[in-house]
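Presented below is the structure to which this report refers.
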Protein chains: 2
Amino acid sequence: MARIVMKFGGTSMAGIERIRAVAERVKKEVDAGNDVAVIVSAMAGETDRLVQFCREASSLYDPREYDVVVASGEQVSAGLLAIMLQSMDVTARSWMGWQLPIKTSEAHASARIAGIDTDILAKAIEGGQVAVIPGFQGMTEEGRVATLGRGGSDTSAVAVAAAMKADRCDIYTDVDGVYTTDPRIVPRARKLAKVTYEEMLELASVGAKVLQTRSVGLAMKHGVPLQVLSSFEDKPGTMIVGEEEFEESEMEEQLITGVAYDKNEAKVTLTSVADKPGSVAHIFTPLAEANINVDMIVQNFARETGNTDVTFTVPRADLARALDVLEKAQDKIGYREISSDTNICKVSVVGVGMRSHAGVASTMFQTLADRGINIMAITTSEIKVSVLIEEDYTELAVRVLHTAYGLDSEDVPAEEGA
Amino acid sequence: MARIVMKFGGTSMAGIERIRAVAERVKKEVDAGNDVAVIVSAMAGETDRLVQFCREASSLYDPREYDVVVASGEQVSAGLLAIMLQSMDVTARSWMGWQLPIKTSEAHASARIAGIDTDILAKAIEGGQVAVIPGFQGMTEEGRVATLGRGGSDTSAVAVAAAMKADRCDIYTDVDGVYTTDPRIVPRARKLAKVTYEEMLELASVGAKVLQTRSVGLAMKHGVPLQVLSSFEDKPGTMIVGEEEFEESEMEEQLITGVAYDKNEAKVTLTSVADKPGSVAHIFTPLAEANINVDMIVQNFARETGNTDVTFTVPRADLARALDVLEKAQDKIGYREISSDTNICKVSVVGVGMRSHAGVASTMFQTLADRGINIMAITTSEIKVSVLIEEDYTELAVRVLHTAYGLDSEDVPAEEGA
């Protein structure tokens, strides 16, 4: 007998028949003797519809009222799942964010969970009741409805699991797990049975959009074992756990866990930046003040002129704002020209195994060079090496790296011949 | 400067452009220096959609969870109207039923309002803020969401108006007021400028479905002046007030205020009921126990046999249950045969003026007799005379009575020639 949190996303809740299938999965866990809390997203398309209403009402909508509107989608899902469970003779009731309460910060529309009162929840669950909780929503100290930002239901699920000291938090979604890379690019991509929190964080933040990054960080902090699995197929997914859950042999055997890519960055280059103290600070301070995240940075020093070219990446969505900020600061920074490029992609290899193995980066550089792929920038962390390349080479780069690190599955997928 | 509650129904809230028009009306009252609270229904069609979800999830849905689902429709409307008002520089915020709170009974899906905490509301309104409140919803003592049953937003509006000691409660709807009868049947029907609570109750309960009956009773109890008016046209509607608001001359001048009809009843006849003590009780006690309202009752005594035929009406929706109950009680009641008829209609003339005038009933009977319309049963109250007739004669009866009591408008409506 275990205590389990199950989270179902929008596609899993899209319509009454899918909600029935969700209820059947929940019933199975209950019948197996487990204590269960369920976190649900709004029915697919519902949040978009509600957001659209707010935008049409006013382009400058009050986020506090926006939260009132959009939180209703999860409320509907929670009530319907409770009804469906009861119809299967499973004792269940819904608990809104404000009823438990799930306490949040005051940052409406992108609130953070500040804490969850577990008294009610613990009593309900110990009484054999399935608690159905709308994801994405909570209540501020002032007593207003707040939402956690898009994808926030994953975070709700992990927070509830942490508060309940759950044995596992299962995230049911429309993919059946975490893969070594995007199977649409590499048909020989393999589903991972286990991955560490750290690796998942790197894979998520570089574009493997299976889980909201915040939820992985929260699970790591509280040591909540996560599982990503399919709502539509009845088979195990990918476990996301701490390194201590791995045998030493497992860690050593796999140098690289996955290859990720991210096409959402843009490259900015400033030429002939004066080589004087503070000039680099003059570039990045105004960007930080404008809330623009800078990712990769490369500085090329030209000894003969004493000048430097500085290249860095920002999110594509922020490029126009970044250029505006930098143009306004031209005098202060003292650069000659500014240029930008969105035809780029960041490709990363991720794996905790690289800590104990040298040569991961050089394998990457050599593999790409062999295919004539030019590297524009490099950034590394303890468990990741990322390179910036021309966007057109993305698929080729991912494919050759997947092979180079021995990640290709031996099974030839059925579709491959097509 | 006055304190006003404005209530907008589903058709008034159907889509962003209509919500904009609602906000403009609210702004007008605010600009005129009035303190305003607004009660809103769900967008047209929304409640039906949510009810349908619940039914599809389970035919025996838990009303507590049903309430969680359907209350979300009004929540969305309230948030959107608050956003729209703010975009017009009107200070506004939404208050959910659980936030004020609007306290209700535990009768989920058809709860009654037990009380409204006015602290928050008074503070908000005195601070110059428009309070936008979802209708139809409140919170039980246990802290769960409850709804008031279909049409409950009218009751929410009156309850808020009573709690706030509002000068007026304006019910905006898709008709522009209360008419002397159904204008679809009588093109010369006139819009009433003023009507008493008692008359409105009789008109509503006999089929003039402009306002929820409960809301009129509540307004009468608390002396809240109600106004029914159109969301789509900018002109005065019908005031619903106490008799003390009428001049004596107004009361005397108008004998009859309106003619109403109700096709939702069915007639049941039991023949040869034994004429012994308690036999009539044996008919109506089991019906009352089954929660079936009996309306008109006629008893025909046949002196020679010592037997009696008993005829009465019940709501059409309850007819099958009523017959079932009575068949099971046949031995106890001791009747020979049971028969029923749904091809009937109740037509009523209503007016406080009839208290001081004799001859209202005889005018009615004579007018119908002149047209060969047979009266099957009669029931009267202090301000109403109702007759049961064959359904096919409904329109004719309404039209001739409207003329007989001098209610026809002198203006020939433009459409009449068509």
Side-chain angles (χ1 to χ4, degrees), chain A residues 13 15-17 19-20 22-23 42-43 46 49-50 52-89 91-96 98-101 120 132 134 137 139 142-145, chain B residues 13 15-17 19-20 22-23 42-43 46 49-50 52-89 91-96 98-101 120 132 134 137 139 142-145:
Chain A
M13 298 293 290
I16 294 295
E17 286 319 305
I19 295 176
R20 195 183 309 279
V22 164
M43 295 166 86
E46 197 53 24
R49 187 177 80 106
L50 295 166
Q52 186 60 25
F53 281 150
C54 292
R55 289 199 180 131
E56 284 172 15
S58 170
S59 54
L60 290 167
Y61 53 74
D62 179 348
R64 295 167 300 187
E65 300 298 345
Y66 164 94
D67 279 353
V68 166
V69 174
V70 299
S72 70
E74 278 71 17
Q75 177 171 333
V76 170
S77 291
L80 291 176
L81 181 57
I83 289 173
M84 193 66 92
L85 285 167
Q86 291 173 353
S87 79
M88 296 176 182
D89 291 324
T91 311
R93 80 159 269 196
S94 66
W95 296 95
M96 301 301 103
W98 56 269
Q99 286 173 323
L100 289 172
I120 287 177
V132 183
Q137 62 168 245
M139 185 172 72
E142 209 197 324
R144 299 191 72 160
V145 174
Chain B
M13 299 292 291
I16 294 296
E17 286 320 307
I19 295 175
R20 194 183 309 279
V22 164
M43 295 165 88
E46 197 54 24
R49 188 177 79 106
L50 296 167
Q52 187 59 26
F53 281 150
C54 291
R55 290 202 180 128
E56 284 172 15
S58 170
S59 53
L60 291 167
Y61 52 73
D62 179 349
R64 295 168 299 186
E65 300 298 346
Y66 164 94
D67 279 352
V68 166
V69 174
V70 298
S72 69
E74 277 71 17
Q75 177 172 334
V76 169
S77 291
L80 291 176
L81 181 57
I83 289 173
M84 193 67 91
L85 285 167
Q86 291 174 351
S87 79
M88 296 176 183
D89 291 325
T91 312
R93 80 159 270 196
S94 66
W95 296 95
M96 300 302 103
W98 57 267
Q99 285 173 323
L100 290 173
I120 287 176
V132 184
Q137 62 168 245
M139 184 172 72
E142 209 198 324
R144 299 189 74 160
V145 174

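Throughout, protein chains are lettered first and strands after them, A, B, ... in sequence-line order, and every chain is numbered starting at 1.
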* Taking side chain as C-beta onward, heavy atoms only, is A/Trp98 less than 4.5 Å from B/Met96? -> no
* Does A/Arg93 reach the side chain of B/Arg144, with side-chain heavy atoms less than 4.5 Å apart? -> yes
Can you tell which part of [X] gets under 4.5 Å to a heavy atom of chain B, answering side chain, backbone, both or neither?
X        : result
A/Gln99  : side chain
A/Leu80  : both
A/Arg49  : side chain
A/Val132 : neither
A/Glu74  : neither
A/Leu60  : neither

Heavy-atom closest contact ([X] atom, [Y] atom, distance):
X       : Y       : answer
B/Ala82 : A/Glu65 : CB-CD, 3.4 Å
A/Val68 : B/Gln75 : O-NE2, 2.8 Å
A/Ala57 : B/Ser87 : O-OG, 4.0 Å
A/Val76 : B/Ser72 : CG2-OG, 3.1 Å
B/Phe53 : A/Ile16 : O-CD1, 3.4 Å

* Rounded to the nearest 0.5 Å, how far apart are CD1 of B/Ile83 and CZ of A/Arg64? -> 11.0 Å
Please classify the contact of [X] with chain A as side chain, backbone, both or neither, using a heavy-atom distance under 4.5 Å.
X        : answer
B/Met88  : neither
B/Gln86  : side chain
B/Val145 : both

* B/Ser77: side chain to side chain donor-acceptor pair (under 3.5 Å) partners, not counting sequence neighbours -> none
